[in-house]
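The next block holds one structure in the form of structure tokens; read it before the comments.
So you know, we letter chains A, B, ... as the sequences are listed, proteins then strands, and number each from 1. The figures here come from the full heavy-atom set of this structure, side chains too, leaving out hydrogens, waters and symmetry mates.
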Amino acid sequence: MNIFVAKLSYQTTEEKLEQLFQKYGEVANAKIIFDKYEGRSKGYGFVEMPNDDEALEAINSLNDTEFDGRQIVVKKARPKEDNDSRGGRN
DNA sequence: TATGAGCGG
């Protein structure tokens, strides 16, 4: 499950996010989005967890909590298209 | 160097 993490500290790193979520379950990969021009963190990132149950638990546990000195927002990432009949840009 | 809503190097 892809997890969207925002309001992160600009000093927060991917490994710190991974270790943070690993405390609640297995983390496949954690990524922080950096600016392409300044090369600095945009302040948000994504965490991928193979176990959906642990992912939801991590979201409910880490959402609106303090991390690295700043309160973070943890939510499910871009909802995948659960219906191919919906949308359809063509 | 600093900043602070938001979905991707």
Q) Considering residues at least two apart in sequence or located in another chain, which fulfil the side-chain contact (heavy atoms from CB on, under 4.5 Å) criterion with K42(A)? A)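 Testing K42(A) for side-chain contact (heavy atoms from CB on, under 4.5 Å), a comparison that skips the adjacent residues, returns I33(A), D35(A), K36(A), Y44(A).
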Q. Which ones in residues 61-69 of chain A lie close to DNA chain B, meaning a heavy atom under 4.0 Å from one of its atoms?
A.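 The stretch gives none, as no residue of it lies under 4.0 Å from the strand.
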Q) What residues in residues 5-14 of chain A put a non-hydrogen atom under 4.0 Å from any atom of DNA chain B? A)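 A6(A), K7(A), L8(A), S9(A), Y10(A), E14(A), in order of number.
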Q.
If you count heavy atoms of other groups shown closer than 6.0 angstrom to CD of Q11(A), is the number above 12?
A.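 No, the 6.0 Å shell around CD holds no more than 12 heavy atoms from other groups.
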Q.
Please determine whether residues F46(A) and V73(A) belong to a single hydrophobic cluster, defined as Ile, Leu, Val, Met, Phe, Trp and Tyr linked transitively by side-chain heavy-atom distances below 4.5 Å.
A.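 Per the 4.5 Å side-chain linkage, F46(A) and V73(A) are not co-clustered.
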**Q.** Sequence-distant partners of K7(A), side chain to side chain donor-acceptor pair (under 3.5 Å), two or more places apart
**A.**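 Residues passing side chain to side chain donor-acceptor pair (under 3.5 Å) with K7(A): none at all.
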Q. Side chain to side chain donor-acceptor pair (under 3.5 Å) with S41(A): which residues, sequence neighbours excluded?
A.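 Scan of S41(A) (side chain to side chain donor-acceptor pair (under 3.5 Å), adjacent residues dropped) gives none.
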Q: Could you list all the side-chain hydrogen bond (donor to acceptor under 3.5 Å, both in side chains) pairs where at least one residue sits in residues 52-61 of chain A, not counting sequence neighbours?
A: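 Of all non-adjacent pairs touching residues 52-61 of chain A, those that pass side-chain hydrogen bond (donor to acceptor under 3.5 Å, both in side chains) are N51(A)-E54(A).
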Q.
Show me the pairs that pass salt bridge (Lys or Arg N to Asp or Glu O under 4.0 Å) and involve residues 64-74 of chain A, at least two apart or across chains.
A.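 Counting only pairs at least two positions apart or across chains, the salt bridge (Lys or Arg N to Asp or Glu O under 4.0 Å) contacts touching residues 64-74 of chain A are K16(A)-D68(A).
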Q: With a 4.0 angstrom cut-off to heavy atoms of chain A, pull out the first and last contacting nucleotide of DNA chain B, in 5'-to-3' order.
A: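 Nucleotide range in contact with chain A: dT1(B) to dG9(B).
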Could you list the donor-acceptor pairs under 3.5 angstrom formed by side chains in residues 17-31 of chain A, with sequence neighbours left out?
unit_1	atom_1	unit_2	atom_2	d
E18(A)	OE2	Q22(A)	NE2	3.0

Q. For dG4(B), is chi within 90° of 0 (syn) or not (anti)?
A.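 Anti, angle beyond 90° from zero.
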Q. Excluding sequence neighbours, so at least two apart, what forms ring-ring contact (aromatic ring centres under 6.0 Å, His included) with F67(A)?
A.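 Once residues adjacent in sequence are excluded, F67(A) has no partner under the ring-ring contact (aromatic ring centres under 6.0 Å, His included) criterion.
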Q. With nearest nucleotides of DNA chain B determined for R70(A) and K31(A) from heavy-atom distances, which residue corresponds to the more 5′ nucleotide?
A.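 Of the two residues, R70(A) wins.
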**Q.** Given DNA chain B, 5'-ward residue of the pair G43(A) and K76(A), judged by closest heavy atom
**A.**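 On the 5' side of the pair lies G43(A).
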Q: Give N2(A) one of three labels, base, sugar-phosphate or nothing, depending on what nucleic acid heavy atoms sit under 4.0 Å from its own.
A: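 Base contact.
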Q) Cluster partners of Y10(A), using ILVMFWY side-chain heavy atoms under 4.5 angstrom, listed by chain and number? A)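 Via sub-4.5 Å side-chain contacts, Y10(A) links to none.
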